[in-house]
*Asks:* 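There's a structure below that I have some questions on.
Heavy atoms only: backbone and side chains are in, while hydrogens, waters and symmetry mates are out. Here the structure is a predicted model, which is why all the values come from computation and not from measurement.
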Amino acid sequence: MLVKLILTSQDYEKSLKQRRLAAIAMLCVGLVGFVCYFFLVPGSSLSDYAQGFYLGAASGIFAAALSLLIRTQYLLTHPQAQKRAKIKETDERQQHITNEAAQFAGVVTFFVSAAALFVVLPLSMAVFSALLGVMVLYFLSFVAANLWLSKKL
């Protein structure tokens, strides 16, 4: 869904080709996760949870990328299905719903993260720093996107 939100332009076929490249990049990320799991993790002193993260994250990313690649390739090779998907994705109501949902999810994530800062500070400074870093990144990306869109639109 996020890839569709980001990679949608006026030229739908160009968007599909960009999505295919994104899917291939995601497949590579998943493969890196698998390589790390099979070659780096077995000899490490990582906890079982961390070892499971490598396999779970790599599997999830790989499966999502494969699904996106298959769907995108199908749309590129079947014009009727591409036409139906284009109509559905470019529907103004659907775009508005998607944009509102993304905005709501961002706001909720930001404020839940802010509340979590109070909880994790006494428990782990590393988690606090990581969470604060994510919040700063979110804020800076919001400001950058706002500036870019104000000039573009």
*Asks:* Taking the side chain as everything from C-beta on, heavy atoms only, tell me whether Q73 gets closer than 4.5 Å to T77.
*Replies:*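 The answer is yes, as the side chains (C-beta and beyond) meet within the 4.5 Å cut-off.
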*Asks:* Working to the nearest 0.5 angstrom, can you tell me the gap between L66 CG and S59 OG?
*Replies:* 12.0 Å
*Asks:* Evaluate the side-chain proximity of V143 to L147: yes if any heavy-atom separation is below 4.5 Å, no if none is.
*Replies:* yes
*Asks:* Between Q94 and K88 (side chain of the first, backbone of the second, donor and acceptor by atom type, cut-off under 3.5 Å), is there such a pair?
*Replies:*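 No; judged by distance alone, with no hydrogens or angles, the pair does not exist.
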*Asks:* When rounded to the nearest 0.5 angstrom, what is the spacing between NE2 in H78 and CD in Q82?
*Replies:* 11.5 Å
*Asks:* Which heavy-atom pair separates I61 from G30 by the least distance, and what is that distance?
*Replies:*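 For I61 versus G30, the nearest heavy atoms are CG2-N, 3.9 Å.
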*Asks:* Looking only at heavy atoms, what is the nearest atom pair of T72 and L16, with distance?
*Replies:*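 Between these two residues, the closest heavy atoms are CG2-O, 3.0 Å.
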*Asks:* For the side chain of N99 and the backbone of Q95, is there at least one donor-acceptor N/O pair under 3.5 Å apart?
*Replies:* yes
*Asks:* Considering non-hydrogen atoms only, spot the tightest contact between A50 and L46 and give its length.
*Replies:*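 Scanning both residues, the minimum pair turns out to be CB-CB, 4.0 Å.
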*Asks:* Name all pairs fulfilling the ring-ring contact (aromatic ring centres under 6.0 Å, His included) condition that reach into residues 34-73, sequence neighbours left out, sorted by first residue then second.
*Replies:*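 Checked against ring-ring contact (aromatic ring centres under 6.0 Å, His included) - neighbours excluded - the pairs reaching residues 34-73 are F34-F62.
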*Asks:* Quick one about E89 and Y12 (side-chain donor to acceptor, distance below 3.5 Å, no hydrogens or angles considered), yes or no?
*Replies:* yes
*Asks:* Please give me the minimum heavy-atom distance between R19 and L68, naming the atom from each residue.
*Replies:* O-CD2, 4.0 Å
*Asks:* Is a side-chain N or O of S67 found less than 3.5 angstrom from the main chain of A63, in a donor-acceptor match?
*Replies:* no
